[in-house]
Every structure is written in C-alpha cells, then in structure tokens.
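Taking it in order: structure first as structure tokens, then the write-up.
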Amino acid sequence: MSHDPTVAYDIFAVLRAEVVTCLRRLLPDLADDAFARVLVEPPRDASHGDMATNGAMVVAKLAKMPPPKLAAELAAALAALPMVAEAAPAGPGFVNIRLKEEFLLGQVPLLLRAGEAYGDSTAGGQVRVNVEYVSANPTGPMHVGHCRGAVVGDALANLLHKAGYAVTKEYYINDAGAQVRALAYAAYWRYLQAIGTSLTEDEYSAQVPGGLQYRGEYLIPVGEALKAEHGDALAPGGQPVFTEATLALIQAQTVAAMMVEIREDLAALGVVHDVFISELELVKAGVTDKAIAELVAKGLVYEGVLEPPKGKTPEDWEPRPQTLFSSTAFGDDVDRPLRKSDGSNTYFANDIGNHADKIARGMQQLVQVWGADHGGYVKRMQAATKALSNGSVPLDVVLCQIVKVVKDGEPVRMSKRAGSYITLRDLIDEVGRDAVRFTMLTRKSDAQMEFDLTKVVEQSRENPVFYVQYAHARCRSVLRQADSALTADLDSAPLGSLQDPAELALIRRLTAWPRTVEAAAAAREPHRIAFYLGDLASDFHILWNRGREDATLRFIQAEQPESTRARLALVAATATVIRSGLAVMGVTPVEEMR
RNA sequence: GGACCCGUAGCUCAGCUGGAUAGAGCGCUGCCCUCCGAAGGCAGAGGUCGAAGGUUCGAAUCCUUUCGGGUCCGCCA
C-alpha cells in the first residue's frame with residue numbers, strides 16, 4: 001500500500017493493508033473477500049507488542065492450513081516490512097507486531113502537522129448522510145428529555161463529518177398535528193387574557209376541543225405579541241372565534257415563537273442545525289401525498305382491518321377498515337395505518353413524506369436519533385424508507401434511553417420556569433454546557449443514565465468531564481511555562497529521547513485516535529469518543545504523575561533542551577488530540593482549571 | 001399476547017461488530033506527602049459476563065429457550 005509519509009494516517013489501517021498483501025502473496029488462490037474479516041488492533045496486553053492481527057486465523061480454514069503454521073509464515077513476511085521491528089506468531093494463531101521505534105515516534109510530528117484534523121478519515125467517501133435529531137414538538141421550551149438526543153445527535157453528526165461523510169444536521173418540526181392545534185388554543189387563551197376577556201380559564205377550557213392544554217406561563221409573551229400585532233381583531237369583544245383561519249394564524253405565529261425559543265435553547269447547548277423542515281410545509285407542498293401515491297403505485301397500500309393487539313385490548317377497540325401500508329413486506333410486525341378515522345394523515349404518513357423528502361434531496365443514508373419511547377416506530381419507518389428508495393437508502397435509528405436527573409442522589413423534578421419538568425435551560429444554568437454535553441456522552445445511548453447535578457461538576461478523578469479537561473489544561477500549562485524558544489516548531493523536534501514506557505504508551509494511544517473515529521462512526525456510537533478521551537487523559541495523567549516520583553521524567557528539564565522539546569512535542573500532540581475529540585463532542589477545551 | 005433495549009466485580013459502567021489470562025473508576029485492604037508537580041500516587045483482593053442449550057478452531061459478543069428490569073403496542077408525536 002502506498003501512502004504519503006508526510007501526512008498523518010491511521011497506522012492500523014496501513015498495517016492491515018500490509019497484512020492483507022502478505023496473505024495474498026502467501027495464498028494466491030484465495031478470493032478477495034476471504035480477507036474481509038482481517039483485523040489489526042492494539043493487543044489486549046501491551047507486552048504482546050504494538051499491534052496484533054487475527055489474519056492467519058481468519059483465512060486458515062479457506063487456506064486449509066493450521067492457523068499457527070500460517071501465522072508463522074505471515075509473521076515472517078511481516079517482519080520484513082520496513083516499519084516492523086518484530087513479528088511473531090502467538091497463541092491460537094495471532095501475529096503480534098512490534099513497530100520500529102522511529103516509525104512509532106514518527107507519527108508525532110505528522111500528528112502535529114495535521115493538528116485537530118488528525119483523525120479525519122475518508123472512510124465516509126463524502127456519502128451524503130442526513131442526521132435528524134431533537135425534532136421536539138414546538139409546543140414549549142426544551143426539557144431534559146430532549147437533551148440527550150440533542151447531544152447524541154449533534155456529536156454523531158460531528159463524528160460522521162470527521163469520518164468523511166457529507167453530513168446534514170436536520171430538525172423536523174412537528175407543526176401539523178393535534179398537539180400544535182392544542183398549542184394554538186392555549187396561545188389563544190393567553191391572547192384573550194392580554195386583550196382582557198370576561199371568560200374564566202375554566203369557561204374557555206370548556207369551549208376547547210379536548211380542553212385547555214399547555215398552561216405554562218411561557219405562552220404569555222405570545223399572547224402579548226398577538227395583541228400588539230392584531231389588537232382585539234382576533235377576538236372581538238374578548239370573545240373567541242374558533243375559525244380555521246384564526247386558529248391557523250395563531251398556530252403559525254405560536255409555532256414560530258416556540259421555534260425561536262427552541263433554537264435559542266439549542267444554541268445555548270451548542271447545537272445548530274443546518275436544515276429545519278416543516279411537517280406542515282411538506283404537506284402543503286404535496287410532498288407527503290406524492291410519497292404515499294408512490295407507495296400506492298408500488299401496490300403497498302390497501303384498505304384493511306387490523307387485528308386488535310393481543311393481551312391488552314383497548315377498551316374502545318372496534319374493528320374498522322383503514323388505509324394501511326404493507327410494512328410487513330419489509331420486516332415490520334403488522335401493517336401500519338396511514339389515515340386516521342377522520343381522514344387526516346397519521347403522524348406516520350406525514351413522516352413518510354419527511355423521509356421521502358430527504359431521499360428526494362439526494363440523501364444516501366439516513367440517521368434518526370429518537371427517544372426510547374419511539375422504539376416501536378423503528379421498523380415501520382425503516383420499512384417505509386426501504387420501499388421509497390427501493391432499498392438503496394438505509395435508515396439507522398439511534399435510540400436514547402431515559403435520563404434521570406438527580407441531585408445528591410435525590411430525584412429532581414420541578415422547573416423554575418415551566419412547572420412540570422426541568423427545562424434544558426435549567427440544566428445548562430446549573431452545571432454548564434460542557435458538563436451537560438460531555439456527561440450525556442458517557443454512556444451508550446441505549447443504556448439508561450442517571451445525571452447527577454452534583455457529580456458532574458465535581459473536581460475529582462471520578463468525574464470524566466473534569467478528568468479530560470484537566471489533562472488538556474495540564475498540557476497547556478506545560479506549554480505556557482516552557483521557554484518559547486523550546487515550543488517553536490515542535491513538529492521538527494528530535495524524539496529519540498522518548499523511551500519511558502509511559503511515554504510510549506501515550507504515543508500508542510494517540511495513534512489509535514483515527515481508528516477510534518472510524519469505528520465509532522461506523523457503529524454510530526459517539527460515546528466511544530468520550531471513553532477514548534478518558535483513556536487518553538489517563539495515560540497522560542499517569543505520565544504526569546511519574547514526574548512526581550522521578551524528576552527526570554518531568555516535561556521541562558532545564559539542562560536538557562532536546563529531551564524537553566521531545567516531551568513538549570508529545571504534550572502538544574496530546575493536547576491536539578484531546579481538542580480534536582472534544583470538538584467532536586462539542587465540548588470546549590479549557591486552558592486552565594479554575 | 002407481541003416487538004425493541006438492557007442484564008458484566010459490592011456500586012456506576014466500558015469491552016473496538018467472534019479472538020489471547022474479561023477491563024476502568026468508585027468502594028474495600030495495605031503502603032506513600034519536611035521540600036522540589038498530592039484538587040493525589042502505588043500495590044492488592046474482588047467475576048460460573050442473569051440462567052440453560054446451540055453454532056465453531058474460539059462466544060460477554062451470534063442463534064434458540066428462559067428469568068429479571070425498562071420502553072412501547074389503531075386515529076399522541
């Protein structure tokens with residue numbers, strides 16, 4: 001494999017290519033796909049070397065050779081490579097690889113030249129990926145329930161971008177259903193109050209279909225704004241007029257006001273979407289009808305009667321014919337309704353329009369970040385996407401489990417602003433944006449999480465937010481304290497003096513950053529970045545602590561400018577990778593701890 | 001009744017898409033600060049990976065069954 005030796009790259013990918021080349025030469029009769037499962041990874045035990053490959057074991061069967069024998073031959077071939085110091089068969093057929101020191105150390109200057117772009121990958125091939133996340137109903141301020149999805153989605157989008165995908169960050173505004181209509185009624189009430197109505201809240205509520213919802217105070221400014229713009233024209237004499245025109249007008253203005261607020265909340269969290277798509281606009285533009293017509297044309301829509309759910313039958317269940325999409329043809333459990341009994345579209349039908357629109361805009365892969373309560377919705381949407389794209393556009397859904405907010409172990413419930421729940425703003429005000437973002441990524445998204453307001457701001461080893469930030473601050477501190485003559489052009493510093501196991505371990509960790517990015521992106525698991533940074537910080541702190549016991553291991557050595565420069569290069573490289581990782585997470589690196 | 005997610009050390013969680021003797025932090029036990037980098041550091045104990053089968057050279061990881069927890073199951077989004 002050829003690669004530009006002046007550009008930083010994933011050395012694991014380089015070695016993997018070499019392993020495959022060697023295997024091909026040893027086994028010329030094997031087909032290419034025989035090597036698909038060949039891996040080159042860091043060994044579990046560092047004493048095994050820098051890398052290990054399962055290549056011999058993976059192809060041994062097809063090659064009709066005992067794995068250890070093939071491993072021995074592979075090791076001999078690998079040992080001849082210029083960057084390899086030693087390659088030896090081990091265990092059931094692994095080959096352990098020890099890299100030449102200059103090759104390993106040589107990664108540091110490449111990394112420094114790449115800067116925060118280190119770890120950028122071409123794996124995505126600039127494939128157009130649409131990542132939709134948050135998509136909270138525009139019916140009120142964002143609350144903590146939206147927070148995890150917002151952070152996970154944003155970090156995932158950043159991650160995919162870094163991995164070489166052409167990413168669109170998207171927000172789908174659910175501004176067409178019964179919920180936003182209920183919102184319009186609620187805003188109407190605040191408007192009536194603003195212009196001075198004789199109605200009581202209960203009297204008004206009695207006139208509203210389904211009763212008055214969304215009673216939080218956050219709609220008061222909307223009522224005031226409606227008054228400022230329309231006077232009492234929307235309710236002459238303070239009496240409500242429930243015409244479609246009036247309600248639609250109020251609804252549009254209220255949704256717009258809520259979206260302003262939601263965008264502000266998101267901005268406070270550092271989340272900025274590229275595209276906001278309106279459900280209502282898609283329906284009006286005929287996108288939704290067209291998408292469903294497409295399904296009809298494919299013979300995937302029919303009138304039918306669904307079986308009641310087994311076990312727990314709803315009280316008011318009545319079998320009735322419905323317009324159904326044949327999602328079972330694509331792996332769903334039952335076919336899904338597209339129309340409500342009043343003839344209007346179900347949420348699912350409109351969401352089909354949403355996904356059709358993404359496909360029509362040329363998206364090649366779709367990612368949805370949803371709350372766990374939407375788990376039952378995954379198969380039907382994947383079915384619809386498959387049908388619409390003839391299987392060419394995959395839809396991945398990342399489900400985020402519930403976050404329980406606690407303080408000192410006690411559940412926290414009430415919001416200062418909105419009464420019934422904790423707003424996103426409350427959370428950010430309490431612990432800060434960076435702590436929120438980092439902490440939301442310290443668990444797999446499909447695992448439940450407890451968010452402890454006390455622990456996430458604690459300055460201790462057990463708080464990963466602090467631990468990683470501290471490592472970066474220490475790096476920066478060292479670089480500030482060093483003589484500026486020593487910190488110039490660190491990418492040309494001779495590094496031969498880096499010999500301590502802790503130093504080499506840190507370098508190995510740094511070289512694992514590109515493959516970490518690729519693997520995390522492939523798995524759609526941004527939490528892996530947080531864990532990698534925790535490991536990297538740990539390696540760095542270990543090295544720092546060694547300097548306490550052994551003064552010769554301190555970074556700045558007054559009498560040793562050359563080894564000082566080598567270490568400063570390593571420190572700068574560490575800071576660079578931490579920043580690179582934090583950038584994916586959307587967390588600001590700090591220069592000092594305060 | 002069914003679908004999806006989770007179950008790994010006393011606790012909170014990783015485990016790089018099937019690899020070597022299953023890891024980390026906290027907690028626990030024992031050491032280590034006159035001073036030069038202690039918002040700590042070093043070492044140790046602690047596991048039938050919920051259970052039982054299966055697939056294969058090899059399983060915490062894949063399949064089946066089962067037990068516990070969560071989410072959800074036509075006109076909410």
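Source: prediction; values computed, not measured. Each chain gets a letter, A, B and so on, in the order its sequence line appears, and its residues count up from 1.
A:Phe451 places its CZ atom 16 Å from the C1' atom of B:C13, with the value rounded to the nearest Å. The CG-C1' distance, from A:Asn545 to B:A38, rounds to 8 Å in whole Å. As rounded to whole Å, 12 Å separates atom C1' of B:C36 from atom CD of A:Gln557. Atom-to-atom, CD1 of A:Ile529 to C1' of B:G15 comes out at 15 Å; the value is rounded to the nearest Å. Atoms CG (A:Asp333) and C1' (B:G1) sit 13 Å apart, rounded to a whole Å. Distance A:Arg508 CZ to B:C16 P: 21 Å, rounded to the nearest Å. The CD-C1' distance, from A:Gln459 to B:G25, rounds to 18 Å in whole Å.
Residues A:Arg336 and A:Met51 each lie close to RNA chain B; by heavy-atom proximity, the contact nearer the 5' end of the strand is made by A:Met51. The residue among A:Ile556 and A:Ala176 whose nearest nucleotide of RNA chain B is located toward the 5' end is A:Ile556.
Distance CG/A:Leu70 to NZ/A:Lys64: 13.5 Å, rounded to 0.5 Å. Of the inter-residue distances, the one linking A:Thr511 atom OG1 with A:Phe12 atom CZ reads 4.5 Å to the nearest 0.5 angstrom.
By the rule that a glycosidic angle within 90° of 0 means syn, B:U65 does not qualify and counts as anti. Syn is the glycosidic conformation of B:C33, whose angle stays within 90° of 0.
Residue A:Leu306 places its side chain closer to B:G74 than to any other of B:A77, B:C5, B:G74. Here the side chain of A:Arg528 is nearest to one of B:C16, B:A3, B:A14, namely B:C16. Set against B:G15, B:U17, B:A77, the side chain of A:Glu525 has B:G15 as its closest nucleotide. Between B:A77, B:C16, B:A3, one nucleotide has an atom nearer to the side chain of A:Ala519 than all others, and that is B:C16. For A:Lys61, the listed nucleotide lying nearest its side chain is B:C57; candidates were B:A14, B:C57, B:A77. Checking B:C16, B:C4, B:A77 against the side-chain heavy atoms of A:Arg515 singles out B:C16 as nearest. When each of B:G15, B:A39, B:G18 is scored by its nearest atom to the side-chain atoms of A:His527, the top-ranked nucleotide is B:G15.
Other residues, nucleotides and ligands contribute only 12 or fewer heavy atoms inside 6.0 Å of the CD atom of A:Glu318.
A:Pro337 comes within 4.0 angstrom of the backbone, heavy atoms only, and of no base. Using a 4.0 Å heavy-atom criterion, one finds that A:Gln481 contacts no nucleic acid atom at all. A:Phe531 comes within contact range of the sugar-phosphate backbone alone, with a heavy-atom separation under 4.0 Å but no base atom that close. Counting any heavy atom pair closer than 4.0 Å across all strands shown, A:Ala52 reaches a base atom. Residue-level contact check: A:Ser341 touches the bases, meaning some heavy atom is under 4.0 Å from a base atom. Base contact: A:Asn96 has a heavy atom under 4.0 Å from a base atom. If you check every strand for non-hydrogen atoms under 4.0 Å, A:Ala520 touches nothing. Across all strands, A:Tyr470 comes closer than 4.0 Å to base atoms (heavy-atom distances). Residue contacts shown for A:Gly177 are limited to sugar-phosphate atoms, with no base heavy atom under 4.0 Å away. Contacts of A:Ala551 with the nucleic acid, taken as non-hydrogen atoms under 4.0 Å apart, are absent. A:Phe12 comes within contact range of no nucleotide atom at all, as no heavy-atom separation falls under 4.0 Å.
In this structure, B:G74 makes no Watson-Crick or G-U wobble pair, since no nucleotide meets both defining distances under 3.5 angstrom. Across every strand in view, B:C62 sits in a pair with B:G54 that passes the Watson-Crick or G-U test at under 3.5 angstrom. Across all strands shown, B:G10 is found opposite B:C26 as a Watson-Crick or G-U wobble partner, with both distances under 3.5 Å.
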Please list, for nucleotides 70-72 of chain B, all pairs of protein and nucleotide N/O atoms separated by less than 3.5 Å.
unit_1, atom_1, unit_2, atom_2, d
B:G70, O2', A:Gln448, NE2, 3.2
B:U71, O2', A:Ala372, O, 2.9
B:U71, O2', A:Asp373, N, 3.4

Distances under 3.5 Å between protein N/O atoms and the N/O atoms of nucleotides 10-12 of chain B, please, pair by pair.
unit_1, atom_1, unit_2, atom_2, d
B:U12, O2', A:Arg443, NH2, 2.7

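Across the C1' atoms, B:U71 and B:C31 are found 48 Å apart, a figure rounded to whole Å. A gap of 12 Å separates the C1' atoms of B:A52 and B:U48, to the nearest Å. Taking atom C1' in both B:G54 and B:C42, the straight-line distance is 46 Å, to the nearest Å. Using P as the reference atom, B:A24 and B:G69 are 32 Å apart when rounded to the nearest Å.
In summary, the side chains of A:Thr385 and A:Lys358 do not present any donor paired with an acceptor at a separation below 3.5 Å, with no hydrogens or angles considered.
Remark: side-chain polar atoms of A:Ser278 are not paired, donor with acceptor, to backbone N or O of A:Ile173 under 3.5 angstrom.
A 4.5 Å side-chain heavy-atom check between A:Val152 and A:Met440 finds every atom pair outside the cut-off.
Taking a cutoff of 4.0 Å between a charged side-chain nitrogen and a carboxylate oxygen, A:Glu503 and A:Arg546 do not qualify as a salt bridge. In this structure, A:Arg98 does not pair ionically with A:Asp50, as no charged nitrogen and carboxylate oxygen lie closer than 4.0 Å.
Taking the six-membered ring where the residue is Trp, the centroids of A:His273 and A:Tyr133 are separated by under 6.0 Å.
Distances shown here put every side-chain N or O of A:Lys340 at or beyond 4.0 Å from the OP1 or OP2 atom of B:G74. Between A:Lys444 and B:G15 there is a side-chain N or O to OP1 or OP2 distance below 4.0 Å.
The stretch residues 434-450 of chain A participates, sequence neighbours left out, in these side chain to side chain donor-acceptor pair (under 3.5 Å) pairs: A:Asp154-A:Arg437, A:Asp434-A:Thr588.
Judged by a 6.0 Å distance limit and a 45° cone about the ring axis, A:Arg474 is positioned over the six-membered ring of A:Tyr470.
Of the candidates A:Asn350, A:Thr288, A:Asp289, A:Asn345 forms a side chain to side chain donor-acceptor pair (under 3.5 Å) with just one, namely A:Asn350.
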I'd like to know whether A:Ile292 forms a side-chain contact (heavy atoms from CB on, under 4.5 Å) with A:Arg339, so could you lay out the CA-CA distance, the side-chain angles of the two residues, the decisive distance to 0.1 Å, and finally the verdict. CA-CA 11 Å; A:Ile292 290 172; A:Arg339 310 243 186 261; 4.2 Å; yes
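By the side chain to side chain donor-acceptor pair (under 3.5 Å) test, A:Asp335 pairs with A:Tyr302, A:Thr328, sequence neighbours left out. Not counting sequence neighbours, the partners of A:Tyr185 by the ring pair (Phe, Tyr, Trp, His ring centres under 6.0 Å) test are A:Phe242.
Relative orientation of the A:His374 and A:Tyr377 rings is perpendicular, given thresholds of 30° and 60° on the angle between their planes.
RNA chain B is contacted by no residue of residues 532-542 of chain A, taking any non-hydrogen atom closer than 4.0 Å.
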